Amino acid sequence: MMSKNVRIGRGYQKKIAGDHRVIRYRCALNNVISDMLKQRLGWVEAKEGEDWDFYWCDVGWLRENFDHIYMEEHVRICHFRNHFELTRKNLMVKNLKRLKKQLERESKSESAKCDFFPMTYELPSEYHIFVEEFKKNPGTVWIMKPIAKSQGKGIFLFRRLKDITEWKKEGYRVNADERKEETKDVETYIVQRYLGNPYLIGGKKFDLRIYVLVTSYIPLKAWLYRDGFARFSNTRFSLDSIDDSYVHLTNVAIQKTAPDYDPEKGCKWSLQQLRHYLTAKHGYESVEEMFQQMNEIFIKSLQSVQKTIINDKHCFELYGYDILLDSNLKLWLLEVNASPSLTASNQEDYDLKFGLLDDAMHIIDMEGRMTGKEKRVGNFDLMWSDGPVYAEDATLDTLGGPSYATNTFLGCHNDRKRQLIQLFRTIQSKKAAASHS
Amino acid sequence: MLRCCNKHFFRLALIFVKFWLRMDSKLDNVAKTIDDIVKQLNGTTLHTQLKRAAQHEGEKSSVQLSSLKSDVIQSLKLSGWEKLLRNEVFRKMHSVQNTLDQAIPFECQKEPLMYMRKAQANWERRILKSMNSMCTELSIPLSRKRPADEQRDLLHKWNEMGTDEPDLSHFRPVYAPKDFLEVITSIRNPNYCSLTGSEIDDRSLNFESHWGLIQVSLQVPSLAELREIFAEFSLSNAHVGLDDSPDFPSDMFQNERNKLAKRVIDEKRSPIAQYFCRRGCPSGFRADLWQIALGVTVGHLDVLKYEQMKGYVLQHDLLVDSLIYKDVKLTSVNDDYYFVFEDYLYQVLLIFSRDTSVLELFSRSSATPPKSYIRGKLGLEEFAVVYPPNGVIPFHGFSMYVTPLCYLYSEPVRLYYVFREFYVRFFHRLHVISSHPQGIVTLCLLFESLLQSFHPTLFRHLQDIGCQPLKIAFKWLVRAFSGYLSTDQLLLLWDRILGFNNLLLLPVLAVAIFLFRQTNLLLVTNVAGVEASLSDLSTLQVIPLLQSVLFHS
């Protein structure tokens, strides 16, 4: 591996007018991201041991090497050093609780907007507080989740305290072997109030996967991707079968191990389809309001870690937010993923992820084509740039309205290719005009 | 007292029926229709409820014996019973036969043209034969009683039958739309003689033969007649699906429309709701509007009936059930959008095949429900039963009639009754050989003649490259475009079908699609190219297309 203080990104070519800059990249994964990088004009894969300008790394590599390398100004890498402040379930909750308390001192209305995460306690440290809360609401269902494992491993539901006491004796020890590869924090679990009234379509439960690109924390700059999807559970929802973890955990990755999982089925709806369906059922206003609620979730969650995350101009991160809709059309934040799955389950999925990554690369802009003032690139809309970003036609009257006016268009019409062509043409003509004057 | 009520009941029915029949009908026709409807209403739940309500009103102390009749009628009007009766009569009127002379035999009343009757009978024989041979091949009985533990299993799984993966590999759909098309195109009128007097087989040379696949001369409406029927499509009228797009300020049309929709729903009158649908339903109100327009009420007794039929499903396993399973797995589950509703489809279609009230539609259709015989008693009439109980054998794609409705109704019972009404009113005409002015044969002929008159060059070009346009449009027509258009557009189309009570919009839309893609089609040189050009309809907007054909030329 790399020795201390290795310099990354040397030999980067100065931009030659009219020519494509060569960008050397490395990619730790072998799926849509590697396809996309291969097809990008001017991007060349760096071989083992060669220098690079861009690395789509995995979090393990980052943890081991980030502190030992020195990156040139132009180098980009796809994770923040301590992203786990947002993505590890117990830390996320801790940060959100802290933000909520802080806002309570400043503005009651803002702090009320922070109620999008279900009551959560960390075990074993908050065990006693949890037991108190548990006894106040007998009969409710709670979910136990290990903080670091993804893809649904080690998660279970319970209604009675004695279910945990059994787990404490057995499951805790069994998982000890698997913990060797993880860092010291992994013994921690979180226990969370289980949301028993999810919105059902066709009797099936689903959760939403939405993508947010953060290019900087200080100042906070975040982009929201218009497209995303709803992942359906394979079986009908009912709280009777608590043991059936296949029912409750809709992660596609978990679904793949369910006995009746059919990969050809593609149990996903695009956000647009979901938006159509909900609008038909509940009317345009309620759905628009619901999507605005979602913006609160993104912004508040990013703000809660803004000061703790080590900002670095080389870093950016593409987060996958998992959100649940309940039967009252209220949204709940389940989880934030720093490495959302980039494997495609079918052609539509492939197209979505390809477009997502391609547009993200346009925003990262290693080719130096953007002016920096764009509010929309492909299907990404600039959601927050050190302050809310308003849609084009906001006037003085609308400013009194919802706090984040609407440069976000989740589930709306998207024609990214056309937008990209237009965008590049505008940029080129601006540059041509500038060079002539 | 009861005799009085009956008389008043009849009188009420009489008033409403007269109100809707056209002025130019003969008076005995009107009387006959009224008789028919009253006969049908006699003994129904509504009749009993009305009698009870009238009795209740009559017992009130405020009522005088001298004005008993008028008082009771007045109070029935005020309490809302009148509306229910009106809606029910309106619904019955949709299924009223154009009554002909009593001397004409029943068969001819169902279908006046003998060659059509023969063609339909042959087709039915073929289907039944195919099903029976599947039975013998797989050694599965057409129907068998389920053992108790299997019944318990099924009841337990009732809400999630989609998770069941029975082995259906040996089952094949009884027929697909293209088989049906073959049969239709081979129908000939034996009384038809060409002027030249010779029996030329190569009909494309005969200038009198039709260019298209349909070779029978049924009457189709001309463009002028279509314009009259669908007058609301004229360009001066605003439509949902066109004028409520986000590009227009919402107070111009959308808000007005929403307000009007709320009022129509509160009013609860079927003819008004049906008329409202002509210009499209705003999506938030569509479910209720359709239910009122169809006259579907889901009362306590309807729920009981549903449960009873569910019991039949649990007790007996029909071969048709496996066909339904197979169809759902092949079509709806593979659709990116409709797979979510899989469980509902079973809950609707399995019950549907047990619903004997569907048999009433056979009295006004050229079809006859298939019969089967109890084992060992083949040919003996007293051991004949209608199979399946509702007389409808599902074909490949049948479940797509239900899928768009799942989008609107999430309670299975309500979904079921709305679907049943849709089927009994419209969809059954799409897979039966008949000379009915809205039957599939007429629809096909209308498609071909409209396309020929709008764009003869295109038609000839397609024929020259070996592609008859009907071959592609047929599957759209049989399924009423379900699964081909995007769901919101499909619902806009079905709004109009319901509103105008007319299936003729289907071929009009099909022609509009061909015309819309004409530049591509004229450049294509083989069948595969034509199919590719017309394979994706999901981006099309239905209302502008319909307007362009009806009013823009």
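Note that this is a predicted model, so its numbers are computed, not measured. Below, read A as the first sequence line, B as the second, and so on, with proteins coming before strands; counting in each chain starts at 1.
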When every non-hydrogen atom of Lys281(A) is compared with those of Tyr407(B), the smallest separation belongs to NZ-O, 3.3 Å

Between Asp343(B) and Gly202(A), the two heavy atoms sitting closest are OD2-O, 4.3 Å

Please say whether more than 12 non-hydrogen atoms of neighbouring residues, nucleotides or ligands are located less than 6.0 Å from CD in Glu289(A).
no

Does atom CZ (Phe516(B)) have a neighbourhood of more than 12 heavy atoms from anything else shown, all under 6.0 Å?
no

Using non-hydrogen atoms and a 4.5 Å limit, figure out which bit of Leu491(B) sits close to chain A: side chain, backbone, both or neither.
neither

To the closest 0.5 Å, what do you measure between [atom1] ([X]) and [atom2] ([Y])?
| X | Y | atom1 | atom2 | answer |
| --- | --- | --- | --- | --- |
| Tyr277(A) | Leu408(B) | OH | CG | 9.0 Å |
| Phe339(B) | Trp269(A) | CZ | CH2 | 7.5 Å |
| Ser283(B) | His282(A) | OG | NE2 | 11.5 Å |

Just wondering, do Ile201(A) and Phe341(B) contact through their side chains at under 4.5 Å, heavy atoms?
yes

Would you check if the side chain of Lys204(A) reaches a backbone N or O of Val340(B) as a donor-acceptor pair within less than 3.5 Å?
yes

